[in-house]
There are 2 protein chains.
Amino acid sequence: MKGEAVNVDISIDAAGSIAPDLCPVRPLLDRMADKWSLLVIARLAEARGRRLRFSELMRAVGGVSQRMLTTTLRNLERDGLVIREVFAEVPPRVEYELTERGKSFLIPVRTLIGWLEANWPDIQRNRELYDKNE
Amino acid sequence: MKGEAVNVDISIDAAGSIAPDLCPVRPLLDRMADKWSLLVIARLAEARGRRLRFSELMRAVGGVSQRMLTTTLRNLERDGLVIREVFAEVPPRVEYELTERGKSFLIPVRTLIGWLEANWPDIQRNRELYDKNE
DNA sequence: CAGCATCCTCCGCGATACTG
DNA sequence: CAGTATCGCGGAGGATGCTG
């Protein structure tokens, strides 16, 4: 029997050791890693509190399909990173904005991106070297 | 002021990269997000410099297939996060350990995990609430 | 022991069409 | 305008078998 996703949780404490599963890192990591979440969050952050409509967001992100933008936003809303407000008008209007938690999420994200940028040249060189010797 | 356009969004484009000429965040993010990389890195970090053999790592991580452990380690090696040393013995012995870059990678990772841990209870509550009202 | 090679499954995501 | 509903593909990743 399979299909039983072994939900692997990890956490690393300050000392670098693995603490017994405090929080399921995986589902949240997956959110970070899916194709559009970070893009959407980045775009909303750029707006500096100005709320964005669905279509605005779609243009701002660029390249995202309606389906994926919808599910991405729903997931972010479910995690309390984004607020969705629907206005009962015709035509309909729906506005999105980051919650405080959503904004605070940008901090670790920036730390990570900072590391990536700082290390990217070395990593790139390492890859070339590695690929050559294969 | 904070949250200037510069850090945030180090503008992430549709391709998933952050600003054309900076660094492609996506491939590295993908590495972070794949199913085993973080686990492997965590386990190697725990060892505190003691090198681990392939089979040791496999047991330590738990649940990984040989195939995936191999490709995960190869990817990490390619990015210079892990060192792989082969000993020409019978039976073969291969040892793995973190590089300095690999260790430094733990810093942003811990920041991220710290955020996840701190926010997990709230997120969980948010999800329950959201799911109930669906 | 530490792996490749092969096959197969699952599901993230895109494309397209329809609707209140 | 802001979505749902369907279909289909591609690629990550598991299972199994073979080998130096």
Side-chain angles (χ1 to χ4, degrees), chain A residues 1-8 26-40 43-44 51-79 82-97 130 134, chain B residues 12 14-16 26-40 43-44 51-79 82-97 130 134:
Chain A
M1 200 67 235
K2 47 86 120 340
E4 191 60 27
V6 190
N7 200 355
V8 188
R26 184 66 46 196
L28 293 168
L29 227 44
D30 287 348
R31 183 98 323 118
M32 271 205 59
D34 69 24
K35 194 164 178 182
W36 302 107
S37 290
L38 277 189
L39 263 321
V40 167
R43 239 82 276 192
L44 287 173
R51 290 140 144 241
L52 295 183
R53 302 184 56 160
F54 186 87
S55 50
E56 267 182 307
L57 208 39
M58 188 145 126
R59 265 184 298 102
V61 170
V64 69
S65 65
Q66 279 189 336
R67 192 174 90 83
M68 285 319 295
L69 183 55
T70 301
T71 69
T72 299
L73 285 167
R74 290 298 200 283
N75 283 333
L76 293 175
E77 188 194 5
R78 192 171 105 101
D79 285 350
V82 155
I83 292 178
R84 172 173 183 265
E85 187 167 3
V86 183
F87 297 86
E89 311 174 350
V90 179
R93 176 164 54 109
V94 181
E95 294 185 344
Y96 294 90
E97 92 185 282
Y130 184 92
E134 271 319 274
Chain B
I12 309 178
R26 184 64 49 193
L28 293 169
L29 226 45
D30 288 347
R31 180 101 324 115
M32 275 204 56
D34 69 26
K35 194 165 178 182
W36 303 108
S37 290
L38 276 189
L39 263 322
V40 167
R43 240 82 275 195
L44 288 173
R51 290 139 145 241
L52 295 183
R53 301 184 56 160
F54 186 87
S55 50
E56 268 183 306
L57 251 179
M58 191 145 123
R59 264 184 297 103
V61 170
V64 190
S65 64
Q66 280 188 336
R67 192 174 90 82
M68 285 318 294
L69 183 54
T70 302
T71 70
T72 298
L73 285 167
R74 291 298 199 283
N75 284 332
L76 294 176
E77 189 194 4
R78 192 171 104 101
D79 285 350
V82 155
I83 292 178
R84 173 173 182 264
E85 186 165 3
V86 183
F87 297 86
E89 308 173 353
V90 180
R93 176 164 54 106
V94 181
E95 295 185 346
Y96 294 90
E97 92 184 282
Y130 184 91
E134 271 321 273

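Everything numeric here is computed off the predicted structure, so don't read it as measured data. Chain A is the first sequence line, chain B the second, and so forth, proteins listed ahead of strands; every chain is numbered from 1.
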K.L.:
If I take atom CE in residue M58(A) and atom C1' in nucleotide dT4(D), what distance separates them, rounded to the nearest angstrom?
P.N.:
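In whole Å, dT4(D) C1' and M58(A) CE are 14 Å from each other.
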K.L.:
Just N and O in the side chain of R84(A): are any of them under 4.0 Å from OP1 or OP2 of dG3(D)?
P.N.:
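So the side chain of R84(A) is within the cut-off, an N or O lying under 4.0 Å from OP1 or OP2 of dG3(D).
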K.L.:
Rounded to the nearest Å, what distance is computed from the CD atom of residue Q66(B) to the P atom of nucleotide dG17(D)?
P.N.:
13 Å
K.L.:
Take atom CG of L69(A) and atom C1' of dA2(D), then tell me their distance rounded to the nearest Å.
P.N.:
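L69(A) atom CG is separated from dA2(D) atom C1' by 10 Å.
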K.L.:
Is the backbone of R59(A) close enough, under 3.5 Å, to the side chain of R43(A) for a donor and an acceptor to pair up by distance?
P.N.:
no
K.L.:
Of the nucleotides dG13(D), dA5(D), dC1(C), which has the atom closest to the M68(B) side chain?
P.N.:
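For the M68(B) side chain, the nearest candidate turns out to be dG13(D).
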K.L.:
Atom CZ in R53(B), atom CE in M58(B): separation rounded to 0.5 Å?
P.N.:
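CE of M58(B) is found 13.0 Å from CZ of R53(B).
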K.L.:
Distance check needed: dC1(C) P versus R53(B) CZ, whole Å only.
P.N.:
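Whole-Å distance recorded here is 8 Å.
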K.L.:
Could you check whether R67(B) gets within reach of a base, just the sugar-phosphate, or nothing at all, counting any heavy atom under 4.0 Å?
P.N.:
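Counting heavy atoms under 4.0 Å across all strands, the contact made by R67(B) includes a base.
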K.L.:
Take L73(A) and V64(B), find for each the nucleotide of DNA chain D with the closest heavy atom, and name the residue whose nucleotide sits nearer the 5' end.
P.N.:
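The answer here is L73(A).
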K.L.:
Hey, which sits more toward the 5' end of DNA chain C by its nearest nucleotide, E95(B) or A33(A)?
P.N.:
E95(B)
K.L.:
Show your reasoning for whether side chain to side chain contact (heavy atoms under 4.5 Å, CB included) applies to L76(B) and Y96(B).
P.N.:
CA-CA 11 Å; L76(B) 294 176; Y96(B) 294 90; over 6 Å; no
K.L.:
Please figure out whether S65(A) or P91(A) has its closest DNA chain C nucleotide nearer the 5' end.
P.N.:
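Between the two, 5'-proximity favours S65(A).
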K.L.:
Hey, is the side chain of T70(B) poking within less than 4.0 Å of OP1 or OP2 on dG3(C), counting only N and O atoms?
P.N.:
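So the side-chain polar atoms of T70(B) never come under 4.0 Å of the phosphate oxygens OP1 or OP2 of dG3(C).
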K.L.:
Given atom OH of Y96(A) and atom C1' of dC1(D), what is their separation to the nearest angstrom?
P.N.:
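Atom OH in Y96(A) sits about 11 Å away from atom C1' in dC1(D).
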K.L.:
Answer with base, sugar-phosphate or nothing: what part of the nucleic acid does F87(B) contact at a heavy-atom distance below 4.0 Å?
P.N.:
nothing
K.L.:
Counting only side-chain heavy atoms from C-beta out, which of dG14(D), dG14(C), dA2(D) sits nearest to K35(A)?
P.N.:
dG14(C)
K.L.:
Distance check, rounded to the nearest 0.5 Å: R51(A) atom CZ versus E56(A) atom CD?
P.N.:
12.0 Å
K.L.:
Can you identify which nucleotide, out of dT4(D), dG13(D), dG3(C), has its nearest atom closest to the R74(A) side chain?
P.N.:
dT4(D)
K.L.:
Just how far, in rounded Å, is C1' of dG3(C) from CG of L57(B)?
P.N.:
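L57(B) atom CG is separated from dG3(C) atom C1' by 14 Å.
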K.L.:
Which whole-number value in Å describes the distance from D34(A) CG to dA12(D) C1'?
P.N.:
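In whole Å, dA12(D) C1' and D34(A) CG are 15 Å from each other.
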K.L.:
Among dG3(D), dG14(D), dC1(C), which nucleotide has an atom closest to any side-chain atom of S55(B)?
P.N.:
dC1(C)
K.L.:
Minimum heavy-atom separation for D30(A) to A33(B), with atom names?
P.N.:
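For D30(A) and A33(B), the tightest heavy-atom pair comes out as OD1-O, 4.2 Å.
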K.L.:
Distance check needed: dA2(C) P versus F54(B) CZ, whole Å only.
P.N.:
7 Å
